Amino acid sequence: MSTVETVRFKLIPEVGTEEFDALDRKVESEYMAQRPGFVSREVTRSEEGEYLVIVHWATPEDADATMKGFFGASETQDFLAAIDKSTVASGRYLTVR
């Protein structure tokens with residue numbers, strides 16, 4: 001059964017949207033898209049500056065394996081440093097149809 005993960009967050013004040021967009025593209029191409037079971041990833045931003053990232057995975061196990069290594073991977077460190085950790089909220093959903 002396919003899995004959808006969501007993550008909402010804001011950036012730290014020192015990081016602008018153009019800088020973050022480059023970091024985001026890099027983390028997707030160099031880390032996320034290289035992981036087994038990755039299907040797709042969508043990144044959205046509200047007018048208030050909150051990001052919503054939606055990632056589709058082939059299985060819950062694929063999502064688990066990727067997230068297990070995400071915070072320690074060298075490819076993700078600049079991306080993570082740009083995020084205000086106090087604003088992070090995540091969720092996981094299983095596709096029902």
Side-chain angles (χ1 to χ4, degrees):
M1 181 171 289
S2 64
T3 299
V4 177
E5 288 191 322
T6 63
V7 181
R8 293 187 347 246
F9 58 85
K10 290 187 175 185
L11 303 179
I12 61 172
E14 299 82 10
V15 176
T17 56
E18 287 184 24
E19 179 183 356
F20 182 74
D21 290 348
L23 295 171
D24 182 67
R25 284 190 298 278
K26 183 177 178 181
V27 84
E28 181 173 334
S29 66
E30 294 182 9
Y31 186 78
M32 302 296 286
Q34 305 302 315
R35 306 300 297 175
F38 175 82
V39 176
S40 66
R41 184 172 178 268
E42 182 179 1
V43 180
T44 63
R45 183 177 56 238
S46 73
E47 290 182 8
E48 295 79 26
E50 181 179 65
Y51 282 80
L52 170 63
V53 178
I54 303 163
V55 184
H56 293 262
W57 297 100
T59 68
E61 293 79 19
D62 294 328
D64 287 341
T66 297
M67 296 320 319
K68 187 174 187 177
F70 188 84
F71 295 96
S74 61
E75 303 92 338
T76 64
Q77 297 310 299
D78 291 339
F79 174 89
L80 290 169
I83 294 173
D84 178 347
K85 309 301 185 288
S86 71
T87 66
V88 175
S90 61
R92 180 177 286 182
Y93 307 85
L94 298 177
T95 304
V96 294
R97 56 182 156 116

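These numbers come from a predicted model, not from an experiment.
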Which residues pass the side chain to side chain contact (heavy atoms under 4.5 Å, CB included) test with [X], sequence neighbours left out?
{"X": "Arg25", "answer": "Asp21, Ala22"}
{"X": "Thr17", "answer": "Arg45, Tyr51"}
{"X": "Glu30", "answer": "Lys26, Glu75"}
{"X": "Glu48", "answer": "Ser46"}

| Roughly how far apart are Arg41 CZ and Glu28 CD, rounded to 0.5 Å? | 5.0 Å

Assigning hydrophobic clusters by single linkage (Ile, Leu, Val, Met, Phe, Trp, Tyr; side-chain heavy-atom cutoff under 4.5 Å), is [X] placed with [Y]?
{"X": "Val88", "Y": "Val4", "result": "no"}
{"X": "Val7", "Y": "Val15", "result": "yes"}
{"X": "Phe38", "Y": "Met67", "result": "yes"}
{"X": "Tyr31", "Y": "Val39", "result": "no"}
{"X": "Leu80", "Y": "Val55", "result": "yes"}

| task | Sequence neighbours left out, what pairs pass side-chain hydrogen bond (donor to acceptor under 3.5 Å, both in side chains) with at least one residue falling in residues 77-91? | result | Asp84-Ser86

| request: Examine distances only and state if a side-chain atom of Thr3 and a backbone atom of Trp57 form a donor-acceptor pair shorter than 3.5 Å. | output: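 No, because the side chain of Thr3 does not come within donor-acceptor range (under 3.5 Å) of the backbone of Trp57.
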
| message | Checking Ser74 now: which residues fulfil side chain to side chain donor-acceptor pair (under 3.5 Å) with it, not counting sequence neighbours? | response |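 Per chain and number, Ser74 pairs via side chain to side chain donor-acceptor pair (under 3.5 Å) with no residue.
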
| said: Show me the pairs that pass salt bridge (charged side-chain N to carboxylate O under 4.0 Å, His left out) and involve residues 49-71, at least two apart or across chains. | reply: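 Qualifying pairs: Arg8-Glu50, Asp64-Arg92.
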
| field | Non-hydrogen atoms of Leu52 and Thr6 that approach each other most closely | value | CD1-CB, 4.1 Å

